Amino acid sequence: MSILAPSILAADFGNLRKEIETVSEAGAKYIHIDVMDGMFVASISFAVPVIQSVRSCTDKVLYVTIM
C-alpha cells in the first residue's frame, strides 16, 4: 500500500489553501511539510505560522520532515 503525501514546498504559496484542497480532493491522505534549518539545506522553509495556517485548512495528517 502506498501513501500519497504531496509536499506544500511545490505549491503556489499565493493559493496555498486551494492547492491543499486540490490534493485532498485528489485523494491525498497526508500533506508533507519540509522544515529546513538553513545549515544543511537552503533556508526555504515554513515557520510555525504557516504550519498553523495549513492546519486550519485541512484535517489531513501533516507529515513534517526536519532537514
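Please read all numbers here as calculations on a predicted model, not as lab measurements. Positions are given from 1 along the sequence.
For the pair Ser7 and Asp34, the minimum side-chain heavy-atom distance is below 4.5 Å. Residues Val61 and Ile31 are not in side-chain contact: their nearest non-hydrogen atoms beyond the backbone lie 4.5 Å or more apart. Using a 4.5 Å heavy-atom cutoff, the side chains of Thr22 and Arg17 are not in contact. Using a 4.5 Å heavy-atom cutoff, the side chains of Leu62 and Tyr30 are not in contact.
Not counting sequence neighbours, Asp59 has no partner by the side chain to side chain donor-acceptor pair (under 3.5 Å) test. Annotation: ring pair (Phe, Tyr, Trp, His ring centres under 6.0 Å) contacts of Tyr63 (sequence neighbours excluded): His32.
Formation of a donor-acceptor pair under 3.5 Å by the Glu19 side chain with backbone atoms of Asp12 is found in this model.
Hydrophobic clustering of Ile, Leu, Val, Met, Phe, Trp and Tyr side chains at less than 4.5 Å, counting indirect connections, keeps Leu4 apart from Val64.
For the atom pair CD1 (Ile8) and CG (Leu16), the distance works out to 5.0 Å, reported to the nearest 0.5 Å.
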Please list, one pair per line, the donor and acceptor atoms closer than 3.5 Å that link side chains of residues 47-57 to other protein atoms, with sequence neighbours excluded.
| from | atom 1 | to | atom 2 | distance (Å) |
| --- | --- | --- | --- | --- |
| Arg55 | NH2 | Thr58 | O | 2.9 |
| Arg55 | NH2 | Lys60 | O | 2.6 |
| Ser56 | OG | Ser53 | O | 2.7 |

